[in-house]
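Along the sequence shown, residues carry numbers from 1. Excluded from the calculations below are hydrogen atoms, water molecules and symmetry mates; all remaining heavy atoms, backbone and side chain alike, are included. Just so you know, ligand 1 is whichever comes first in the structure, and atom 1 is the first atom listed for that ligand.
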Amino acid sequence: MNNGDRHMNGDGGRLPTVTSDNGGFGETSRRDFLKVLGVAGAGAAATSCGPPDMSDKLIPYLVPPEDIVPGTNVAYATILKNGGPEHLGLYANVRDGRVIKLEGNPRFPNRGRLSALAQSALQDLYDPDRTQGPRKLDADGFVETDWDEAIAAVAGVTAPGRTILLTAAVTGTTAEFYAEWAGAIGAEWIPWEPLGLEALSTAHEIAFGIPGIPSYEINRADRIVSFGADFLGTWLAPVEFAGRFADARSIESGHHAKFTHVGPRLSLTGLNADEWVSVRPGTEGIVALAVASEVARRKGGGAAARLEGVLARFTPAAVAEHAGVDAARIERLAEDLASANQPIVLPPDVSGQGAASTEAHLAVALLNLVCGAIGTTVRPGVGPTRGASASAATMRNLIERMNSGGVDTMIVVGANPVYGLPKSLGFAEAFAGVPNRVSLGSHLDETAAASNWLLPASHELESWGDAEIRPDVWAVAQPVMRPIFDTRQAEDVLLSIAAGTGRTAFEAEDWKGWLEAGWRASYEQEVPGQAPFDEFWFGLLQAGAVRRKPNQPDPAPTLTPAAANYPFTLPEHHSGLTLTTFATAQLYDGRGANRSWMQELPDAVSKAVWNSWVEIHPAAAEPLGLETGDLVEVRTSAGSVTAPAFLYEGIRPDTIGIPLGQGHTHFGRNAQDRGVNALDLLDDTVDGRSGALAFAGAPVEITAVGRRGKLAIMQGNDTDLDREIGELVQIDDALEAIGGHRVDLRQILEHAWDSDPKSPYRWAMSIDLNACTGCGACVTACYAENNIPTVGEDLSAQGREMSWMQIMRYFEKTEDDGFQTVHVPVLCQQCGDAPCEPVCPVYAAYHSPEGLNAQVYNRCVGTRYCANNCPYKVRRFNWFTYEHPYPLNLQLNPDVTVRETGVMEKCTFCVQRINRAKLDAKEAGRHVQDGDFQTACMQGCPTQAIVFGNLKDPESAVSRISKGARAYHMLGELNTRPAITYLAGVSHARLAQAGHGTHDEEHSEENGAAGEHDSAAEASH
Ligand code: SF4
């Protein structure tokens, strides 16, 4: 939590409000800003019946509302269901009526952390491109209408048996509501997610008779193998998994689980693996079977005996050629797994989802069984709950019904099938033939643009709701601010439509009443005789979640006869190039595409921003004469796309990879006409068992177009040129070194320039490269907290990005000619002897008594000498005054100055949070202590790689960690005495230069010569 925040209940009547006034300090004046604050506060005090129309009045806080203290954040607990693959618990920090920051709720499986995509939900909320009121289609396009007309018109066309309600996948009371609503008016409800988990669920039902998603307890494992799941980036529950993964590899705690990635391409997760077993796309399943067959042979046991018939055909030798991998490699992996105490194996994600995806998932489930993981590290049926989702096969049937005239009305709630299904399925054409097309969503996305009624739904941060996070954990969502535009809660609109049909009447007056009634009924049934429901509800809104069925035993997984005799097949094999498509942590299925923070967050693999790219192995690119950035045409039987090439050694030479999420034709200014939609390359191939779409495995051809494309890549060099920037050590070296000391903190603490000897503080940070996965959550948290502008693709390509924090991704060669990756967050090092300070002619860059390199914005005249002299290249110059168009300006943090043209800026360890913590500590009559506050990047990091605190407090975590055996200073030989201490990454691989990355003690003591070395910038741009 940010310091100064107050946790409040979410009583709708006391919620703060915000005006739709178009003023704001991002664009204009202090007067407009005050007007927003005045109206916000007054609205909150006034009523619970919607924002009052006071847009041209200034109302002072003569009688302040109870839960608004000017200048103080109020934290409301809620959930994000649309923030990526997982449901995330969070606190929305609300200041004077507007949400300015989202931070994780520690009570949830995401342990108080959020992904970059979830943090950017703020930009979705304040998106100027949201639909701002009801619209209807006429001859001139969409025109404004009013809610009464729109609801009456839609209610009039919801004929029983000919109406479809198509929604995103939902759980909890929300799912019950949709089912009941559809039943009452005679509609059919189809929930659908583009990147569904139907193959995973189907496979576990076949294997153990337990449908649903297993719980993957990675933290308990001593050996981790993933058959392609990008579980740290985009698969299932990446924020939760990142925390668990960091726990499994916390070397100072005495264990460091080795991690192997099996698949055709290294994703964000793959780059964190200790080894890569490269196999052809779509062969993950048979390789899993071959590993299972070897493990069964070595370990024996009841499961091995029962699976003998299935596994006998899939020996390593039998699948090696088909999968394009050495049999010996499979055997080594099996040996590792057989000897592990607590192994865990994770299945493929969509990038490995071919025409037989259920088989691949089933193969991994059986491998977990023979390894002994089922029931220990993998617990079927008790994992994250995602709700039912129609498969691609079901959607194909729906399209056929639409084409045959069987659907008169389709109401689409929070889903975008026109974009999210492959063009080859023909959803767009079929949808155009449906007479009444109603979009009940927040944006004018592709589906909304093809509709004839737009009923704008409130954003989930403006809405009531709930979700089943796990079978035993339920959570509630509450509106954390009043709607910005003329929008309504989607469920309330559906209730009004139902009432308008005249065919049904629901007991609840509105959705909030329905939700509360549902919870009341469950509460009174499950815990009769306990505290009154109102008390429980009040507490729930404060906590965000509740455990509903404590001590429920896990379903007992027993191998079914169907699985023991499953007729696995060898996938089809072709000799040419094969396609794989994959989600990215920034855009996921495309939902992040209109958020500039996400477009400008460099991809963890390619480091590209604002565009699509085609991943090609250098060996495949060479005959075509392709370089990174050259345009390449990619063709399949379903279609073709043209995008810039990205040469990447982390993809097989026989595989082509393209990210999902770009190529929107609508959706808003940042998303539209940007990159390509990789779904255009997919045909209608689906898995025969689950109906899941084949995202991988299509034969593909590529042609060099002969022109350069536009591709802004935010990292110039793939290695740190051995200059003590990103350090990686072998596990044996790391284990040997633990207990030794490498960084001499006395030097930093005792030097007058580092911190005033009379000050109790020397602010410092440690960053553990063993924990950092490169997810970028810290970068986005920093954008949100510090009002950092985005600059767009062209300025990014010129190196004029404004991000105060960058994650550098460096490759290190291994003895077997592979490579390992270390992700290095780079930000201002707050040097004790800072090269930037003495060169500023106007003393704008100065050293604070607490050791910070402060930057006085209104003194800066823009000479940029400081940036030239910074060896870390972390200073950012405002070449322009960047826009925050309304209502994006309402997200800006009032504690942080919005910078303008001509000003240099950079990280100052969230000095606004430091100052607030100091004021609070002063009131309490003490100094700031560990735990009082966190910097935004530390707060956001899912792996807790970042630790911030006071180096002068010998008991602080940062003091302790900074003296660790893996500690080093970036470019330490320059002797800038940084306040940031890095802990070297740890790998199980044999690095090409054994021992590389370890330091002599003398490194921390010798004075390096600044002139002898190039800057880090050369490696980074
Ligand atoms: S330090 Fe940043 S990039 Fe690394 S894991 Fe933490 S949030 Fe992600």
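Using a non-hydrogen distance threshold of 4.0 Å, G940 does not register as a contact of ligand 1.
No hydrogens or angles considered: nothing links the side chains of Q715 and Q806 as a donor-acceptor pair under 3.5 Å. A donor-acceptor contact under 3.5 angstrom links the side chains of N82 and R591, judged on distance only. Inspection of the T260 and R223 side chains reveals an N or O donor paired with an N or O acceptor under 3.5 Å.
When distances to atom 8 (Fe) of ligand 1 are checked against a cut-off of 2.8 Å, C941 contributes no N, O or S atom below that limit. Because the distance cut-off is set at 2.8 Å, C778 qualifies as a neighbour of atom 2 (Fe) of ligand 1 through one of its N, O or S atoms.
Contact atoms of ligand 1 toward P825: 1 (S) (distance under 4.0 Å to a heavy atom of the residue). Per-residue contacts place I807 under 4.0 angstrom from the following atoms of ligand 1 (heavy atoms of the residue considered): 3 (S). In summary, the atoms of ligand 1 found under 4.0 Å from a heavy atom of P942, numbered by their order in the structure, are 7 (S). Heavy-atom proximity to A777, at under 4.0 Å, picks out these atoms of ligand 1: 7 (S). Applying the 4.0 Å criterion to heavy atoms of T773 picks out, from ligand 1, the atoms 4 (Fe), 5 (S).
Counting heavy atoms under 4.0 Å from ligand 1, residue I767 does not touch it at all.
Classification of the H261-F259 ring pair by plane angle, with boundaries at 30° and 60°, yields perpendicular.
Residues Y216 and F231 keep their aromatic ring centres 6.0 Å or farther apart.
Judged by a 6.0 Å distance limit and a 45° cone about the ring axis, R265 is positioned over the six-membered ring of F582.
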